[in-house]
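Presented below is the structure to which this report refers.
We name chains A, B, ... by the order of the sequence lines, and we start the count at 1 in each one. Keep in mind that the numbers below use all heavy atoms, side chains included, and drop hydrogens, waters and symmetry copies.
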Number of protein chains: 2
Amino acid sequence: MTKSSNSDNRQILLQTALSLFARRGFSSVGVQEIVTAAGLSKPTLYHYFGHKQGLLSAILATYSPAFLARLERAADYQGDLIASLEQVAAAYFESAQAEPDFFYLMLSMNYLPAEHETEPLIQPFRLQLQNLLETLFIQAVPQHGNLRGHEVFLASSLTGSLNHQALALLKRDVARTGVSFSGQEIHQLVKHYMYGIYVL
Amino acid sequence: MTKSSNSDNRQILLQTALSLFARRGFSSVGVQEIVTAAGLSKPTLYHYFGHKQGLLSAILATYSPAFLARLERAADYQGDLIASLEQVAAAYFESAQAEPDFFYLMLSMNYLPAEHETEPLIQPFRLQLQNLLETLFIQAVPQHGNLRGHEVFLASSLTGSLNHQALALLKRDVARTGVSFSGQEIHQLVKHYMYGIYVL
DNA sequence: TTCATTCTATACCGATTGGTATAGAATGGC
DNA sequence: GCCATTCTATACCAATCGGTATAGAATGAA
């Protein structure tokens with residue numbers, strides 16, 4: 001190599017595309033629109049990402065590791081399931097707050113049709129998240145024997161609640177600068193999840 | 001009027017479009033692909049639906065009333081919240097089973113970005129569903145005073161759980177002829193929703 | 001300096017996008 | 001029969017789609 005990589009433009013393209021995809025969806029945003037918004041040209045984009053899907057793939061590769069790592073730390077089980085769940089919920093909402101565009105993109109991709117062109121890209125992410133939560137519940141089985149055999153259901157149900165709650169908050173706060181997730185919502189969600197409706 | 005309407009082709013186009021939208025998403029399916037799959041031509045489609053969005057709008061107008069009416073009947077509160085919730089969950093899954101394409105389309109549209117071109121079409125549907133469930137919880141307040149003030153959260157959380165559970169089942173059973181939702185999943189979901197994890 | 005390599009833009013490609021102008025076929029009212 | 005209306009197809013529209021051929025600018029290694 002004789003020329004050091006000028007990855008500034010790569011970053012600009014990545015951010016611009018993320019913003020547009022998160023707001024209007026992958027399929028509805030054209031490559032020309034991305035490069036125009038970024039103040040660059042198509043060959044630059046294709047130099048760094050190869051094709052349109054590669055751009056989305058790079059977005060996932062850039063943001064999802066930190067997201068999943070943070071959740072994995074939060075899901076660390078130390079004998080207190082409630083504490084772990086509250087940490088997971090907090091990490092989930094805080095990640096959404098830290099990278100709202102990425103979070104929104106993940107959220108929408110997660111519910112896309114099975115034969116959608118982006119499904120192969122989101123599937124590993126979904127599986128990792130599901131595994132992460134299942135592992136937490138499996139670890140909690142010794143203290144909570146009644147969980148046994150329900151790990152898949154519990155992980156799926158928790159993800160659904162977190163997603164839908166986050167969606168409502170994102171749509172509600174769409175006009176503000178930052179999305180705010182109060183600790184109250186976290187406690188409410190976890191308490192309801194653990195004890196049902198009678199503790200609300 | 002001098003010629004009675006031949007709405008067969010209208011129905012064919014509606015069904016074909018529904019099937020394609022449910023499988024690959026609204027934005028990824030072109031008008032030409034729809035009419036080719038239906039064995040018709042573009043002017044026929046534009047005669048009945050005006051534009052591409054009108055086609056999606058007609059799909060919603062055709063299927064959502066029955067879906068919501070069925071849920072409304074199921075959500076009828078007779079003093080037993082558990083019974084109502086089980087009826088709602090059963091109605092939700094049975095509707096998904098009865099019209100899997102429509103259900104999948106609703107599900108994916110529900111989590112699309114706020115500025116997606118189809119958001120105005122799905123918003124009324126989402127609000128009606130949310131209202132329907134909130135009303136149920138409000139009616140249950142006299143018997144369950146601790147619910148008061150949490151109706152919005154509970155309706156949102158329930159929807160999220162139902163959606164994510166339905167998604168998992170749909171993806172799991174994607175290859176089979178019909179999607180099967182066992183009564184076991186319904187009981188599990190409602191019991192967990194009411195009493196938390198300790199009854200599983 | 002020379003040269004290989006990286007990066008970027010102009011201009012273009014064929015294919016497809018949503019949508020339509022035109023005209024003809026079908027059909028019911030009269 | 002005749003006419004109005006509904007429905008449908010061929011052929012077309014400008015615009016955009018994802019992607020690229022070509023060439024030049026920039027830069028580091030030698």
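- Applying the ring pair (Phe, Tyr, Trp, His ring centres under 6.0 Å) test to pairs two or more places apart or on separate chains, those with a residue in residues 129-152 of chain A are A/H144-B/Y198.
- Residues B/S84 and B/Q78 bring no donor and acceptor atom of their side chains to less than 3.5 Å of each other.
- Note: CD (B/Q11) to P (D/dC7) measures 14 Å, nearest angstrom.
- One side chain, A/E134 or A/Q130, offers a donor N or O that lies under 3.5 Å from an acceptor on the other.
- Side chain to side chain, A/Y92 and A/Q97 fail the donor-acceptor criterion of an N or O pair below 3.5 Å.
- Annotation: ring pair (Phe, Tyr, Trp, His ring centres under 6.0 Å) contacts involving residues 6-44 of chain B, sequence neighbours excluded, comprise B/F21-B/F26.
- Judged by distance alone, the side chains of A/N163 and A/Q165 never bring a donor and an acceptor atom under 3.5 Å apart.
- Residues of residues 36-45 of chain A having a heavy atom closer than 4.0 Å to DNA chain D, listed by number: A/K42, A/P43.
- Rounded to whole Å, the distance from CG on A/D8 to C1' on D/dT27 is 15 Å.
- Within residues 49-61 of chain B, the residues approaching DNA chain C are B/H51, B/K52, by heavy-atom distance under 4.0 Å.
- Rounded to an integer number of Å, the gap from B/I34 CD1 to C/dT17 C1' is 12 Å.
- The nearest whole Å value for the distance from the CD atom in A/Q32 to the P atom in C/dA9 is 11 Å.
- B/V29 comes within 4.0 angstrom of sugar-phosphate atoms only, judged by non-hydrogen atoms across all strands, and of no base.
- In this structure, A/L13 atom CG and C/dC7 atom C1' are separated by 12 Å, rounded to whole Å.
- Here A/R23 pairs with A/S19, A/D101, B/E115 under the side-chain contact (heavy atoms from CB on, under 4.5 Å) rule; sequence neighbours left out.
- The CD-C1' distance, from A/E33 to D/dT16, rounds to 11 Å in whole Å.
- At a cut-off of 3.5 Å, with distance as the only test, no side-chain donor of B/E86 or B/Y193 sits close to an acceptor on the other residue.
- Atom pair B/Y48:OH and D/dA9:C1' shows a separation of 13 Å (rounding to whole Å applied).
- Listed by first then second residue, pairs satisfying side chain to side chain donor-acceptor pair (under 3.5 Å) with a partner in residues 49-69 of chain A read A/Q15-A/Y63, not counting sequence neighbours.
- Considering only the side chain of B/H47, D/dC7 comes nearest among D/dC17, C/dG19, D/dC7.
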